[in-house]
Amino acid sequence: QVQLVESGGGLVQPGGSLRLSCSASGSIFSINAMGWYRQAPGKERELVATMTNDGNTNYAVSVKGRFTISRDNAKISVYLQMNSLKPEDTAVYYCNANQRRSKHDSYDSWGQGTQVTVSS
């Protein structure tokens with residue numbers, strides 16, 4: 001089990017920017033991807049952005065062009081630069097790490113989340 005700790009959330013006005021950070025510790029072996037998910041009140045948790053160890057990225061359509069994910073493999077950290085924030089971006093943002101348990105199985109670890117509120 002890897003421990004993930006997020007930081008950088010807060011209150012920002014529409015059009016503003018935030019940078020989220022996530023640091024990993026503990027059983028960090030076999031991590032093959034890290035990323036960010038979010039969950040708004042009354043909605044299901046959704047993918048925001050992920051990055052594999054090889055640098056392949058995947059973004060939700062709603063954030064493409066506004067958010068940028070980056071990773072520091074040496075520090076086992078992942079970041080999310082969020083620009084042009086909209087009220088609909090308001091959610092709890094969770095750091096995620098996917099680890100391979102076997103050749104045909106993997107599991108996810110989650111941070112406790114950091115609140116991002118976009119409001120005027």
Side-chain angles (χ1 to χ4, degrees):
Q1 181 74 28
V2 63
Q3 285 75 54
L4 303 172
V5 180
E6 305 101 333
S7 64
L11 175 64
V12 65
Q13 293 186 341
S17 298
L18 286 173
R19 186 172 188 262
L20 305 183
S21 299
C22 174
S23 297
S25 62
S27 300
I28 59 176
F29 60 90
S30 298
I31 293 177
N32 53 52
M34 296 186 70
W36 295 91
Y37 292 69
R38 67 186 182 187
Q39 186 168 21
K43 300 185 67 177
E44 296 182 353
R45 186 174 299 187
E46 65 176 352
L47 180 148
V48 178
T50 61
M51 179 177 282
T52 66
N53 291 356
D54 292 331
N56 295 122
T57 58
N58 184 31
Y59 292 92
V61 173
S62 60
V63 308
K64 193 172 298 183
R66 300 187 297 119
F67 292 8
T68 302
I69 188 171
S70 61
R71 288 179 62 182
D72 186 334
N73 291 333
K75 297 181 178 179
I76 316 179
S77 300
V78 63
Y79 310 90
L80 186 68
Q81 179 66 47
M82 305 186 295
N83 298 326
S84 302
L85 284 162
K86 305 175 181 179
E88 49 263 46
D89 295 318
T90 296
V92 177
Y93 284 70
Y94 296 92
C95 181
N96 166 267
N98 183 260
Q99 296 174 272
R100 185 168 299 281
R101 181 178 283 118
S102 68
K103 190 173 182 179
H104 302 100
D105 190 28
S106 63
Y107 65 97
D108 293 292
S109 297
W110 301 91
Q112 294 189 9
T114 184
Q115 177 71 49
V116 172
T117 302
V118 185
S119 177
S120 60

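Numbers here are sequence positions counted from 1.
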With sequence neighbours excluded, what pairs up with [X] under the side-chain hydrogen bond (donor to acceptor under 3.5 Å, both in side chains) test?
| X | answer |
| --- | --- |
| T52 | none |
| R45 | none |
| Q3 | none |
| N56 | none |

Sorted by chain and residue number, the salt bridge (Lys or Arg N to Asp or Glu O under 4.0 Å) partners of D54 (sequence neighbours excluded) come out as none
Taking all heavy atoms of [X] and all of [Y], pick out the closest pair and write down the distance.
| X | Y | answer |
| --- | --- | --- |
| Q99 | S109 | OE1-OG, 3.6 Å |
| N53 | I31 | ND2-O, 2.7 Å |
| I28 | I76 | CD1-CD1, 2.6 Å |

Distance, nearest 0.5 Å, that separates [atom1] of [X] from [atom2] of [Y]:
| X | Y | atom1 | atom2 | answer |
| --- | --- | --- | --- | --- |
| K64 | N58 | NZ | CG | 7.5 Å |
| S119 | L85 | OG | CG | 12.0 Å |
| D72 | M34 | CG | CE | 10.5 Å |

Applied to residues 86-99, the salt bridge (charged side-chain N to carboxylate O under 4.0 Å, His left out) test, sequence neighbours excluded, yields R38-D89, R66-D89
So the salt bridge (charged side-chain N to carboxylate O under 4.0 Å, His left out) pairs with at least one residue in residues 104-120 (sequence neighbours excluded) are R101-D105
Sorted by chain and number, sequence neighbours left out, side-chain contact (heavy atoms from CB on, under 4.5 Å) with K103 holds for none
Residue pairs passing the disulfide (SG to SG under 2.5 Å) test with at least one member in residues 29-71, sequence neighbours excluded, are none
So the ring pair (Phe, Tyr, Trp, His ring centres under 6.0 Å) pairs with at least one residue in residues 53-95 (sequence neighbours excluded) are none
Quick note, ring pair (Phe, Tyr, Trp, His ring centres under 6.0 Å) partners involving residues 14-54, not counting sequence neighbours, are Y37-W110
Self-check item: Same apolar cluster (I L V M F W Y, side chains within < 4.5 Å links), I69/V116
Solution: yes
Using distance only, find each side-chain donor-acceptor pair of residues 4-27 under 3.5 Å and give its atom names and separation, not counting sequence neighbours.
{"from": "E6", "atom 1": "OE1", "to": "Q112", "atom 2": "N", "distance (Å)": "3.2"}
{"from": "E6", "atom 1": "OE1", "to": "G113", "atom 2": "N", "distance (Å)": "2.9"}
{"from": "E6", "atom 1": "OE2", "to": "C95", "atom 2": "N", "distance (Å)": "2.8"}
{"from": "E6", "atom 1": "OE2", "to": "G113", "atom 2": "N", "distance (Å)": "3.2"}
{"from": "S17", "atom 1": "OG", "to": "N83", "atom 2": "OD1", "distance (Å)": "2.9"}

